Amino acid sequence: MSSIDPTTMWIVIVGMAVGSFVLRFVFIGFVGDRAMPSWLLRHLRYTAVAILPALIAPLVVWPAATGGQPDLPRTSAATVALVVGLLTKNVIAAIFSGAATLYGLLYLIG
């Protein structure tokens with residue numbers, strides 16, 4: 001494991017802090033008092049909905065726990081969570097049903 005120079009580490013931390021501030025300021029400071037076009041607001045409405053599947057999909061398709069090979073517990077858990085989410089329109093129920101399916105099948109199979 002290589003050692004990181006403290007100066008380099010602080011440069012990266014400060015650079016990321018400045019970059020994060022500038023990115024947020026562009027939207028809040030420059031655009032915050034203006035009305036956004038309806039087409040942009042329509043697209044921004046789906047951003048939050050797309051984040052959770054984007055985080056979960058790689059863990060189902062290429063799970064690190066199995067060396068990148070899809071397996072029955074993860075695929076079943078994703079399917080159950082999707083079906084419960086579609087039927088109930090409840091994110092919490094979908095997450096917990098998927099987690100229960102995953103851990104239940106890992107316990108039964110493993």
Side-chain angles (χ1 to χ4, degrees):
M1 188 164 150
S2 66
S3 175
I4 298 176
D5 178 39
T7 305
T8 303
M9 181 180 67
W10 280 107
I11 289 172
V12 169
I13 290 172
V14 170
M16 291 184 72
V18 169
S20 177
F21 175 79
V22 168
L23 182 64
R24 293 166 200 263
F25 183 76
V26 165
F27 287 103
I28 295 171
F30 294 144
V31 185
D33 60 345
R34 297 182 186 153
M36 291 188 183
S38 62
W39 64 268
L40 180 61
L41 291 174
R42 185 174 56 248
H43 290 297
L44 288 174
R45 187 175 29 204
Y46 297 109
T47 303
V49 177
I51 289 172
L52 193 58
L55 292 172
I56 298 300
L59 300 174
V60 173
V61 179
W62 302 286
T66 61
Q69 298 299 318
D71 64 342
L72 180 65
R74 287 164 184 79
T75 306
S76 299
T79 304
V80 167
L82 178 66
V83 169
V84 169
L86 288 173
L87 293 177
T88 65
K89 305 288 191 245
N90 186 338
V91 175
I92 302 299
I95 290 171
F96 282 122
S97 65
T101 303
L102 175 64
Y103 289 116
L105 285 175
L106 287 174
Y107 176 76
L108 292 174
I109 293 175

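Note that the structure is a prediction, hence the values are computed from the model and not measured.
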Correct closest heavy-atom pair for V61 and P70 would be O-CG, 3.3 Å

Checklist entry - What class does the angle between the rings of F21 and F25 fall in, given that below 30° is parallel, 30 to 60° is tilted and above 60° is perpendicular? => result parallel

Quiz item: Just by modelled atom types, is the L44 backbone N or O under 3.5 Å from a matching donor or acceptor in the T47 side chain?
Solution: yes

Closest heavy-atom pair, R45 versus V49, reported as atoms and distance to 0.1 Å, is O-CG2, 4.3 Å

Practice problem: Please check if I51 and I95 belong to a single hydrophobic cluster, counting links between Ile, Leu, Val, Met, Phe, Trp and Tyr side chain heavy atoms closer than 4.5 Å. | Solution: no

- Query: When clusters are formed by joining ILVMFWY residues with side-chain heavy atoms under 4.5 Å apart, either directly or through shared neighbours, do F96 and L55 land in the same one?
  - Reply: no

Side chain to side chain contact (heavy atoms under 4.5 Å, CB included) filter on L86, not counting sequence neighbours, yields L82

Polar contact flag, side-chain donor to acceptor under 3.5 angstrom, S38-R42:
no

Taking every heavy atom of G98 against every heavy atom of A81, the minimum-distance pair comes out as CA-CB, 4.0 Å

Of all heavy-atom pairs linking I92 and N90, the shortest is N-OD1, 3.0 Å

- prompt: Would you say W10 and I4 are hydrophobically clustered, going by side-chain heavy atoms of ILVMFWY under 4.5 Å?
  reply: yes

Residues 96-107 vs side chain to side chain donor-acceptor pair (under 3.5 Å), sequence neighbours excluded, gives none

Has M9 got more than 12 heavy atoms of other residues, nucleotides or ligands less than 6.0 Å from its CE? yes

**Asked** Heavy-atom distance under 4.5 Å between the side chains of R24 and S20, does that happen here?
**Response** yes

Notebook entry, point to check: Are any side-chain N or O atoms of T79 and backbone N or O atoms of T75, one a donor and one an acceptor, separated by less than 3.5 Å?
Noted result: yes

Heavy-atom nearest pair, Q69 first then P63, reads O-CG, 3.4 Å

* Asked: Applying the 4.5 Å side-chain criterion to the ILVMFWY set and letting contacts propagate, would L41 and F30 be lumped into a single cluster?
  -> yes

Rounded to the nearest 0.5 Å, the OG1 atom of T8 sits from the CD1 atom of I13 at a distance of 11.0 Å

Test side-chain contact (heavy atoms from CB on, under 4.5 Å), reference S76, set D71, V60, L105, L102, output is L105

